[in-house]
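Heads up: the structure comes next, in C-alpha cells.
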Amino acid sequence: GENVEQHPSTLSVQEGDSAVIKCTYSDSASNYFPWYKQELGKRPQLIIDIRSNVGEKKDQRIAVTLNKTAKHFSLHITETQPEDSAVYFCAALRVAGGTSYGKLTFGQGTILTVHP
Amino acid sequence: NAGVTQTPKFRILKIGQSMTLQCAQDMNHNYMYWYRQDPGMGLKLIYYSVGAGITDKGEVPNGYNVSRSTTEDFPLRLELAAPSQTSVYFCASSSTGNWGSEQYFGPGTRLTVT
C-alpha cells in the first residue's frame, strides 16, 4: 500500500519567516495530495490540496508544490504568524483499481511553532 | 448544517468492555471514514464506507466493526476493548472518494482503555 513520509517532525520559526514541510510518497499511482491543519485539541481541516496534473498551487500565504518524478510534495507558508502554529499533515490518495474512489494515507505530522 | 458530529466526546473503558462510537453527517455525503490518531502520530484509516450498506476495511481494522444502514450515520463498534485501542477517534465524510474531494472531520472522541 501507499506510504507517506513527512519531515521535519517539529519546526520552529520566528514570526515573519517562511516554513517548509516536505512529504514523500511511495505509490506512483497516487493522484491527489491534500494538506490538513490541526490546532491543539481540534479536528483536522483542509488548508490546500493539489492534483497530480498540477505542479504548483498557491492560496495567499500558503503554497504547495508537487514533483511527480521524485514523488514528493511540499507545503510552503510565507510570512508566518503565531496563529499558524499547529500540527500539519500531508496525505496522498490512490484510487483503487476498478473503482472511482480511493483512500487517504497520512504522513506522521509536523508540529509548527511560530514565535512572536 | 451541523456538519459531522460525534458522540461521546470522551470515554473511559475497562479492558474487555464494548462500546459504540456514534458519527452522523448532514451533508448528504456518500463517503464516510473512521480514523484513529495516536499521540504524535498521523491518522490511520480503520474502516470506510462508499454508501449505505457498503463498508470496507482500512489500514487498521482489527478489533473494530462498522455498519452503514443510512447515508447519515456510520457507527464504529469496539468489541472487547484493549489498552492498544486508547486513541482519539475521528469520523469524516466527503462528497466523492476521488481527487479534490475534501474530507470533513468530526470533533473526535477521546477514548481511554484501562
Side-chain angles (χ1 to χ4, degrees), chain A residues 1-10 21 23 25 29-54 57 59 64 66 68 73 87-111, chain B residues 2-7 9-10 21 23-25 27 29-51 54-61 66 68 87-110:
Chain A
E2 175 64 279
N3 183 49
V4 177
E5 296 286 334
Q6 183 171 346
H7 299 281
S9 55
T10 61
I21 303 170
C23 289
Y25 60 100
S30 290
N31 64 357
Y32 172 64
F33 307 93
W35 286 87
Y36 284 81
K37 176 183 180 182
Q38 185 179 28
E39 296 176 356
L40 190 63
K42 301 281 183 67
R43 71 191 79 187
Q45 290 190 294
L46 181 73
I47 55 170
I48 195 167
D49 56 10
I50 192 166
R51 300 184 182 190
S52 59
N53 59 352
V54 175
K57 183 176 177 181
D59 183 4
V64 57
L66 171 65
K68 281 194 299 182
F73 57 112
V87 182
Y88 291 81
F89 293 98
C90 63
L93 181 143
R94 183 191 187 282
V95 174
T99 75
S100 62
Y101 57 88
K103 294 177 279 189
L104 279 179
T105 301
F106 283 84
Q108 300 90 330
T110 296
I111 301 172
Chain B
V4 180
T5 57
Q6 291 182 239
T7 56
K9 284 189 171 55
F10 305 94
L21 282 68
C23 173
Q25 52 91 12
M27 297 177 281
H29 285 169
N30 281 326
Y31 294 80
M32 295 188 75
Y33 316 84
W34 274 106
Y35 294 94
R36 60 177 286 171
Q37 184 177 34
D38 298 331
M41 301 293 288
L43 295 137
K44 293 198 183 294
L45 183 65
I46 305 171
Y47 270 95
Y48 67 101
S49 169
V50 303
I54 308 170
T55 62
D56 204 352
K57 295 178 182 178
E59 190 181 352
V60 289
V66 294
R68 184 96 183 270
S87 191
V88 179
Y89 291 83
F90 286 99
C91 178
S93 73
S94 62
S95 57
T96 75
N98 210 328
W99 64 358
S101 182
E102 177 177 356
Q103 289 193 13
Y104 295 86
F105 285 81
T109 294
R110 186 174 296 273

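Below, chain A is the first sequence line, B the second, and so on; all start at residue 1. Here the structure is a predicted model, which is why all the values come from computation and not from measurement.
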Hey, which of A/Gly41, A/Gly102, A/Cys90 has the most heavy atom pairs under 4.5 Å with chain B? A/Gly102

By side chain to side chain contact (heavy atoms under 4.5 Å, CB included), B/Met27 pairs with (sequence neighbours left out) B/Asn1, B/Val4, B/Gln25, B/His29, B/Ser93, B/Tyr104

B/Gln103 side, atom CD; A/Gln45 side, atom CD - distance, nearest 0.5 Å: 13.5 Å

Assert top hit (heavy-atom pairs under 4.5 Å, partner chain A, pool B/Gly108, B/Ala92, B/Gly40, B/Gly106) equals B/Gly106

With a 6.0 Å cut-off (strictly less than), is the heavy-atom count around CD1 of B/Ile54, excluding the residue itself, greater than 12? yes

Quick check on B/Gln37 against chain A: is it the side chain, the backbone, both or neither that has a heavy atom closer than 4.5 Å? side chain

Need one label for A/Thr105: side chain, backbone, both or neither, based on atoms under 4.5 Å from any heavy atom in chain B. neither

For a side chain to side chain contact (heavy atoms under 4.5 Å, CB included) with A/Leu104, tell me which candidate from B/Tyr48, B/Tyr35, B/Tyr33 qualifies. B/Tyr35

Given that the side chain runs from C-beta out, which part of B/Leu45 has a heavy atom under 4.5 Å from chain A: side chain, backbone, both or neither? side chain

Gap separating the CD atom of B/Gln6 from the CZ atom of A/Arg43, nearest 0.5 angstrom: 8.0 Å

Using non-hydrogen atoms only, which part of A/Phe33 is less than 4.5 Å away from chain B: side chain, backbone, both, or neither? neither

Give, as side chain, backbone, both or neither, the part of A/Pro34 having an atom under 4.5 angstrom from any heavy atom of chain B. neither

Answer with side chain, backbone, both or neither: which region of A/Leu93 has an atom nearer than 4.5 Å to a non-hydrogen atom of chain B? side chain

Of all the heavy-atom pairs spanning B/Phe105 and A/Pro44, show the shortest one and how long it is. CD1-O, 3.5 Å

Go through the atoms of A/Gln38 and report whether side chain, backbone, both or neither lie under 4.5 Å from a heavy atom of chain B. side chain

